[in-house]
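Position 1 is the first residue of the sequence, and the numbers go up from there. Just the heavy atoms: all of them, side chains too, but no hydrogens, waters or symmetry mates, feed the values below.
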Amino acid sequence: MSITAGSHALGPESGRLLVNTTRTGLGAKAGHDLTIEVTRWRGDATIDIADPAGSSVTVEADAGSFEVREGTGGVKPLSDSDRREIKRILQEKILHVERHPAITFRSTRVSGTAESFRVEGELTIVGVTRPVTVQGVLAEGRARGSATIAQTRWGIRPYSAFFGTLKLSDEVEVRFDVGLAPASER
């Protein structure tokens with residue numbers, strides 16, 4: 001299936017939005033590198049194949065919908081209890097979901113080609129808006145790509161435990177893999 005020009009609906013029914021974290025510090029061996037899925041999100045991509053600058057994308061994610069899907073490394077496997085505790089910490093101490101229930105992205109510039117595109121835009125997390133750049137490709141009816149986010153740029157202090165010996169790295173990777181069905185097929 002090739003990519004068609006026009007408006008395309010985005011969301012969990014068309015693909016995945018994942019956040020990957022890594023650990024650092026003296027106690028890094030005790031922690032896990034995490035793959036977290038955003039389970040409730042929606043967006044719209046308008047694609048102009050002839051003129052990529054005429055393309056745009058918007059995404060809104062429910063900050064309370066993050067679910068830990070995988071934890072690699074660590075002294076012991078990630079338990080269901082660990083997953084619940086990570087979700088609680090994400091909601092209460094990192095993303096402050098009660099005050100900031102949504103994370104949004106709005107493109108400001110699109111460049112490149114279908115084989116290699118770049119989307120510059122404004123990302124709002126915990127009420128703070130900063131520029132971010134997304135790199136990606138369009139192939140076989142899907143958009144795939146990623147962006148690296150330094151949490152401290154949004155005023156987020158990376159999680160730490162055991163008196164700071166186990167820390168979450170400041171940079172997290174946001175990845176997406178979505179099918180591009182025309183908006184009329186929503």
Side-chain angles (χ1 to χ4, degrees), residues 8-24 30-45 56-74 77-108 119 121-134 136 142-162 164 166-181 183 186:
H8 300 269
L10 307 175
E13 59 284 337
S14 65
R16 296 182 83 189
L17 183 57
L18 302 171
V19 178
N20 293 319
T21 69
T22 57
R23 58 214 146 99
T24 187
H32 298 88
D33 293 334
L34 301 174
T35 299
I36 301 168
E37 183 169 11
V38 182
T39 61
R40 291 185 304 273
W41 60 282
R42 67 178 185 274
D44 182 72
S56 65
V57 64
T58 59
V59 175
E60 181 175 311
D62 179 338
S65 74
F66 287 51
E67 297 290 340
V68 178
R69 296 297 188 213
E70 184 179 12
T72 58
L78 199 61
S79 68
D80 288 341
S81 175
D82 294 332
R83 291 172 200 272
R84 285 190 299 275
E85 180 65 6
I86 291 166
K87 181 171 181 157
R88 184 189 69 74
I89 290 168
L90 262 170
Q91 290 180 347
E92 295 175 10
K93 298 183 186 278
I94 297 173
L95 297 176
H96 306 283
V97 172
E98 293 227 353
R99 286 186 312 231
H100 308 287
I103 296 170
T104 59
F105 174 81
R106 182 183 56 79
S107 66
T108 55
V119 179
E122 300 289 325
L123 177 64
T124 302
I125 308 172
V126 297
V128 177
T129 302
R130 298 277 183 261
V132 70
T133 300
V134 177
R142 301 193 71 76
R144 294 178 181 93
S146 66
T148 300
I149 308 298
Q151 298 174 79
T152 52
R153 288 188 59 224
W154 280 264
I156 298 170
R157 188 171 163 208
Y159 176 76
S160 68
F162 306 116
L166 170 62
K167 300 182 221 175
L168 194 66
S169 297
D170 186 20
E171 291 188 342
V172 297
E173 179 189 40
V174 178
R175 291 185 302 124
F176 61 91
D177 181 348
V178 294
L180 295 173
R186 292 185 216 198

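E37 contributes atom CD, which lies 4.5 Å from atom CZ of R69 (distance to the nearest 0.5 angstrom). In this structure, the separation between CD on E173 and CG on N20 is 5.0 Å, given to the nearest 0.5 Å. For the atom pair I125 CD1 and T104 OG1, the distance stands at 9.0 Å (nearest 0.5 Å). Going from atom CZ of R157 over to atom CG of L168 covers 12.5 Å, rounded to the nearest 0.5 Å.
For the residue pair W41 and P12, the shortest heavy atom distance occurs at O-CD, 2.9 Å. For S146 against R175, the heavy-atom pair with the smallest separation is CB-CG, 3.8 Å. In terms of heavy-atom proximity, W154 sits nearest to V128 at CD1-O, 3.0 Å. The nearest pair of heavy atoms linking S65 to R40 is OG-N, 3.1 Å. For L95 against A63, the heavy-atom pair with the smallest separation is CD1-O, 3.8 Å. When all heavy atoms are compared, the tightest approach of V119 to S107 is CG1-CB, 3.6 Å.
Using a distance-only test at 3.5 Å, with no hydrogens or angles considered, a donor-acceptor pair links the side chain of S79 to the main chain of D82. Judged by distance alone, with hydrogens and angles left aside, the side-chain atoms of H32 form no donor-acceptor pair with the main-chain N or O of G71 at under 3.5 Å. H96 contributes a side-chain N or O that, together with a main-chain N or O of E92, makes up a donor-acceptor pair within less than 3.5 Å. D170 places a side-chain N or O within donor-acceptor distance of the main-chain N or O of Q151, the cut-off being under 3.5 Å.
Contact check for V68 versus T35: no side-chain heavy atoms found under the 4.5 Å cut-off. When side chains are defined from C-beta on, I94 counts as touching I156, because their heavy atoms get closer than 4.5 Å. A heavy-atom distance below 4.5 Å is not found between the side chains of L123 and T129. Side-chain contact between L18 and F176: absent, with no pair of heavy atoms (C-beta onward) separated by less than 4.5 Å.
The residues R144 and D177 are annotated as salt-bridged, a charged nitrogen and a carboxylate oxygen being separated by less than 4.0 angstrom. Between R106 and E122 there is no salt bridge, since none of the side-chain N atoms of the basic residue sits less than 4.0 Å from a carboxylate O of the acidic one.
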> Between L78 and L34, does a side-chain contact (heavy atoms from CB on, under 4.5 Å) hold up when you go through it step by step?
Replying inline: CA-CA 10 Å; L78 199 61; L34 301 174; 3.9 Å; yes
> Where do S169 and T22 land on the side chain to side chain donor-acceptor pair (under 3.5 Å) test, with the steps shown first?
Replying inline: CA-CA 6 Å; S169 297; T22 57; 3.0 Å; yes
> Would V59 and R42 count as a side-chain contact (heavy atoms from CB on, under 4.5 Å) if you check the C-alpha gap in whole Å, the side-chain angles of each, and the deciding distance to 0.1 Å?
Replying inline: CA-CA 6 Å; V59 175; R42 67 178 185 274; over 6 Å; no
> Can you list the steps and then say if T133 with T148 is a side-chain contact (heavy atoms from CB on, under 4.5 Å)?
Replying inline: CA-CA 8 Å; T133 300; T148 300; over 6 Å; no
>> side-chain contact (heavy atoms from CB on, under 4.5 Å), that's the test. Do T21 and D33 meet it? Break it down for me.
In response: CA-CA 5 Å; T21 69; D33 293 334; 5.5 Å; no
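T58 and D44 share no side-chain donor-acceptor pair at under 3.5 Å.
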